[in-house]
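A short write-up of the structure that comes next.
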Amino acid sequence: MVQDDMKTHTPLMLKIAPFLSIAVFFAAWELIVDTGIVPSTMMASPSEVIKLFIYKLSNTDPDGSVLGVHAWVSAQEAVTAYLLAFLMGTPLGLLMGWYKVARGIARPVFEMIRPIPPIAWIPLCIFWFGIGMTGKIFIIWIAGIVPFTINAWVGVNMTNTTLIQMARTYGATDWQIFKTVCVPSALPMVFGALQISLAYCWTNLVGAEMLAADQGLGYLISMGRRLAMPSMVILGMVTVGFGGALIGIVVDILENGLCPESGGRKMSAETSSIADEIMVQVKDKENISFIGIISNEYFLYGISFMGFLMIWHYVAALKILGESLATPMETALEMARLMTIKLAGKNLLQHILASTQRVFLGFGIGAVFGIPLGLFMALNRYANAFCKSLFDLLKPMPPLAWISVAILWFGIGEASKVFIIVIGAFVPCVLNSYSGVRIIEEELYDVVRVLGGNRWDEIIQVSLPAALPALFAGVQISLSIAWTCVLAAELVSARSGLGWIIIQGMKTSKPELVLGGMVIIALVATIVTLMVSWIEKLLCPWKRNAQNI
């Protein structure tokens, strides 16, 4: 337990520290800009941002819309896609968690799509829907549906087996058990997905609007970069952060009102590793039969996978979506061709290596600084008082909103791309390492004290080992965000990487190049995730094993 929980009296410094840290931050920001330490072409002072905010409330120059219009457009897109993701992802996850046939049919397609960062779909959306609202809603929906599906699936699998056995004893059917036992049991996880999905939706909204839009907060940020107006970039970032925080508060109020019984059991984006918390299911051995074969999950996986490829093939071959979709064979041939030719002086493996190096470098820097900071904040009440309020102020800003700032500061070279990944990876590492220590039971520290241990013994023998599972959950989330960030950076400004390959497919109207890049991203991201999971099992052998997702 952190030290501030062990004190009955809070020193005055701890009470004023949160306000003092924020005041010092803004004062230092104003000072370094006004004195020219940082040129005004690279950074706007808080006073300049406030002046622009007041101006943009009623003026459309220079981007064509007032601030309220940009905010309203973004809110419409985010809320519409968010609701669609909830209404479609939650039932899908619930059914997949309980019904073997639903899981066998839907899981292969879900597993193929899940590792692809939503931002990678932008070129295809431009092919299919143009730059209007429909395409952006589709991208945000792709981002939001994954957490809802996984959390609903996890919630069903975490249902108390005793309750299920009791229901069967009283003659309840599978449908009755699903409706009256599994669904209520899954509600805390479902409502926990509200916050996780919101963060994903809001982040990808910014990326979509920065790349293909003529209104919205992402477009405002992008225009600020194009016009070399740091004040407009920062105004857009602050508005995005405030909007995301405001929607999050509304969602939290609704969650507490609709599901008050979830209490402390609800899962948050900071503390859940959603995909790693499914209980292992022990299945009884079944006799071989025709019905058993056709209802076997692995048989259904094969049927589902083949069905997906067939639908994809015929939709592309019959030109149902025009020339904007390539067949699976055309995509595979394009991937093979990329192995033998060079784009911008690099073959496919070199482009994969370029993206992977950026991801690991940015993630490494973010983790090296983020994990110790989170642990230090959780273990030291003075560090928590000074740092957490400032961290909470910057946390709501999606990492993709920093792209324009990164380009203004570092240009379009490697530094800007790595900086964006650092920002994206830093936040989950801080949050999960902080939460991992905060949720440790006090009884574990009591054991160390009874045995004569000191504060250092508590940290080494209890805090760090007990926080490892949450820490690894943050690592998984950080890597996912890192891939989204590197793709967004490569889509905006790059001459190498998988994102650059995808954007070249869009510019040359070659959907097979776009799809090939997306498939490779999914494969590489999956391999990296499996590597991290393997390391986690080695370092955390006591953690519950995962079997399904």
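Here the straight-line distance linking atom CD1 of I145 with atom CD1 of I150 works out to 11.0 Å at 0.5 Å rounding. Between L353 atom CG and L348 atom CG the span is 11.0 Å, to the nearest 0.5 Å. Taken from CD1 in I403 to SG in C485, the straight-line distance is 7.5 Å, to the nearest 0.5 Å. To the nearest 0.5 Å, atom CG of residue L349 and atom CG of residue L338 are 10.5 Å apart. Rounded to the nearest 0.5 angstrom, I501 CD1 and I352 CD1 are separated by 7.0 Å. Atom OG in S463 sits 5.0 Å away from atom CG in L379 (nearest 0.5 Å).
The closest side-chain heavy-atom distance from L431 to F391 is below 4.5 Å. Annotation: side chain of N347 is not in contact with side chain of M339 (no heavy-atom distance under 4.5 Å). Contact of the M531 side chain with the I527 side chain is registered, since non-hydrogen atoms from C-beta on lie closer than 4.5 Å. With contacts defined as side-chain heavy-atom distances shorter than 4.5 Å, the pair M43/I32 does not qualify. Contact of the W483 side chain with the T356 side chain is registered, since non-hydrogen atoms from C-beta on lie closer than 4.5 Å. Contact of the M518 side chain with the L124 side chain is registered, since non-hydrogen atoms from C-beta on lie closer than 4.5 Å. Residues L373 and Y434 form no side-chain contact, since every pair of their non-hydrogen atoms from C-beta on lies 4.5 Å or further apart. At least one side-chain heavy atom of L393 sits under 4.5 Å from a side-chain heavy atom of F26.
For the pairing with S496, the side-chain hydrogen bond (donor to acceptor under 3.5 Å, both in side chains) check across Q357, H351, Q350, R358 returns one residue only, R358. V240 pairs with exactly one of L400, L217, L220, L235 by the side-chain contact (heavy atoms from CB on, under 4.5 Å) rule, that one being L217.
When atom types are taken as modelled, the side chain of S74 and the backbone of A71 share no donor-acceptor pair closer than 3.5 angstrom. Side chain of N204 to backbone of Y200: a donor-acceptor contact under 3.5 angstrom is found. With S416 contributing its side chain and I407 its backbone, the two residues share no donor-acceptor pair below 3.5 Å.
Minimum heavy-atom separation, K342 to G345: CD-O, 3.8 Å. Annotation for I139 and C125: closest pair CG1-SG, 3.5 Å, computed over non-hydrogen atoms. Closest heavy-atom contact between A425 and S478: O-OG, 3.0 Å. Minimum heavy-atom separation, W153 to G97: CD1-CA, 3.7 Å. In plain terms, the two heavy atoms of G224 and V233 that are nearest each other are C-CG2, 3.5 Å. When every heavy atom of T526 is checked against every heavy atom of A522, the shortest pair comes out as OG1-O, 2.7 Å.
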Determine, step by step, whether W534 and L530 satisfy the side-chain contact (heavy atoms from CB on, under 4.5 Å) criterion, reporting the C-alpha distance in whole Å, the side-chain angles of both residues, the deciding distance to 0.1 Å, and the verdict.
-> CA-CA 6 Å; W534 178 74; L530 291 174; over 6 Å; no
Starting from the C-alpha separation in whole Å, work towards a yes-or-no answer on side-chain contact (heavy atoms from CB on, under 4.5 Å) for I122 and I502.
-> CA-CA 9 Å; I122 288 179; I502 291 174; over 6 Å; no
Worked check of side-chain contact (heavy atoms from CB on, under 4.5 Å) between F363 and I481 | CA-CA 9 Å; F363 163 75; I481 295 175; over 6 Å; no
Verdict with reasoning, F410 to V418, per side-chain contact (heavy atoms from CB on, under 4.5 Å) | CA-CA 10 Å; F410 306 111; V418 173; over 6 Å; no
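Using a 4.0 Å cut-off between charged side-chain N and carboxylate O, E490 and K417 make no salt bridge.
Between F148 and Y82, the ring planes lie tilted relative to each other; the angle falls in the 30° to 60° range.
The local environment of CZ in F305 is sparse, with at most 12 non-hydrogen atoms from other residues, nucleotides or ligands closer than 6.0 Å.
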